J.: 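Okay, here's the structure, questions in a sec.
Remember, it's a predicted structure, so these values are computed and weren't measured experimentally.
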Amino acid sequence: MAQRNWIAVASAEHARRGRDHRPIGFMQVGHGKHAPLKRLSAGDRIAYYSPATVFGGTDKLQSFVSIGIVQPGEPYEFDMGNGFVPWRRDVAYAAGHEAPIAPLIERLAFIENPRQWGYKFRFGMFDVSDDDIKLIAQAMKADLKTLSL
């Protein structure tokens, strides 16, 4: 199966927690839902877009905060305490820098109407083209070799 590219949406605080986790990073989507993670395959690329710094925040961070490769293995549950047991997938994140979306809006193919550029992010996770993920990776100054780009 061909490698696919995805954008997931989460607060920067949550995306950074997955990116910075050791020894391997992880991802969660849709408040820990299982179904979206089953759509991913090992080798797929994933970039996290964060509309705000914290969940429910209003600071308009509007940046890509992490990008990586989905690792082999099925989604698994993880007990975060207080009865919250979300589903996760392991991700090897590439070194890079967070990058604002604003300079990319006119160039990203998945944005059909630049005046309503935020619409697609309401889906929580969606697939994008090789060109779009490469543009995001370049904006983040991510290691393209790690991402097989």
J.: Are L40 and Y49 in one and the same hydrophobic cluster, where Ile, Leu, Val, Met, Phe, Trp and Tyr link if side-chain heavy atoms are under 4.5 Å apart?
T.: no
J.: Taking atom types as modelled, is there a side-chain donor on Y76 or D90 under 3.5 Å from an acceptor on the other?
T.: yes
J.: Where is the tightest heavy-atom contact between G30 and K33, given as atom of each residue plus distance?
T.: O-CG, 3.0 Å
J.: I need the minimum non-hydrogen distance between S11 and S50, along with the two atoms involved.
T.: C-OG, 3.4 Å
J.: State, with a plain yes or no, whether a side-chain heavy atom of H97 is found less than 4.5 Å away from one of M140.
T.: no
J.: If you define the side chain from C-beta out and look only at heavy atoms, does anything of Q28 sit under 4.5 Å from W87?
T.: no
J.: For the aromatic rings, using the six-membered ring if either is Trp, is the centroid distance between F110 and F121 under 6.0 Å?
T.: yes
J.: Can you tell if the side chain of V91 reaches within under 4.5 Å of the side chain of I24, non-hydrogen atoms only?
T.: no
J.: For the pair R4 and D44, find out whether any cationic side-chain nitrogen is under 4.0 Å from an anionic carboxylate oxygen.
T.: no
J.: Please round to the nearest 0.5 Å and tell me the distance separating atom OG1 of T53 and atom CG of D59.
T.: 3.5 Å
J.: Linking I/L/V/M/F/W/Y whenever any side-chain heavy atoms sit under 4.5 Å apart, do V9 and I111 land together?
T.: yes
J.: Below 4.5 Å, heavy atoms only, C-beta onward: do P86 and H31 meet side chain to side chain?
T.: no
J.: Of the non-hydrogen atoms in A99 and A139, which two are nearest, and what is the gap between them?
T.: CB-O, 3.5 Å
J.: What pairs with F26 under ring-ring contact (aromatic ring centres under 6.0 Å, His included), at least two apart in sequence or on another chain?
T.: H21
J.: Got a sec: does the CZ of R107 have more than 12 other heavy atoms crowding it under 6.0 Å?
T.: no
J.: Is it true that a side-chain atom of N82 and a backbone atom of F84 form a donor plus acceptor pair closer than 3.5 Å?
T.: no
J.: Please verify the inter-ring angle class for H14 with F55; under 30° counts as parallel, over 60° as perpendicular, anything in between as tilted.
T.: parallel
J.: Can you find a heavy atom in the side chain of M27 that is under 4.5 Å from one in the side chain of I46?
T.: yes
J.: For W6 and R39, run side-chain contact (heavy atoms from CB on, under 4.5 Å): C-alpha distance rounded to whole Å, both residues' side-chain angles, the deciding distance at 0.1 Å, then the answer.
T.: CA-CA 10 Å; W6 302 89; R39 295 169 53 200; 3.1 Å; yes
J.: For residues H34 and E77, determine if any side-chain heavy atom of one lies less than 4.5 Å from a side-chain heavy atom of the other.
T.: no
J.: Kindly give the heavy-atom pair with the smallest separation between E106 and P114, and that separation in Å.
T.: OE2-CB, 3.6 Å
J.: Return all side-chain donor-acceptor pairs below 3.5 angstrom for residues 60-71, not counting sequence neighbours, or 'none' if the list is empty.
T.:
unit_1 : atom_1 : unit_2 : atom_2 : d
S63    : OG     : L61    : O      : 3.0
Q71    : NE2    : I69    : O      : 3.0

J.: Under the salt bridge (charged side-chain N to carboxylate O under 4.0 Å, His left out) definition, can you give me all pairs with a residue in residues 129-138, not counting sequence neighbours?
T.: R45-D130
J.: Can L108 and W117 be said to form a side-chain contact (heavy atoms from CB on, under 4.5 Å), step by step?
T.: CA-CA 10 Å; L108 291 165; W117 64 267; over 6 Å; no
J.: So, E98 and R16, do they make that salt bridge, N to O below 4.0 Å?
T.: yes
J.: Show the nearest heavy-atom pair for residues G57 and A52, with the distance to one decimal.
T.: O-CB, 3.5 Å
J.: To the nearest 0.5 angstrom, please state how far the CD atom of E74 sits from the NZ atom of K38.
T.: 5.5 Å
J.: Side chains of I136 and I7: closer than 4.5 Å at any heavy-atom pair?
T.: yes
J.: Using a 4.5 Å cut-off on heavy atoms from C-beta on, say whether the side chain of Y93 contacts that of T146.
T.: no
J.: CG/L149 to CG/L135 distance, rounded to the nearest 0.5 angstrom?
T.: 11.0 Å
J.: Would you compute the distance between atom CD1 of I133 and atom CG of L144 and round it to the nearest 0.5 angstrom?
T.: 11.0 Å
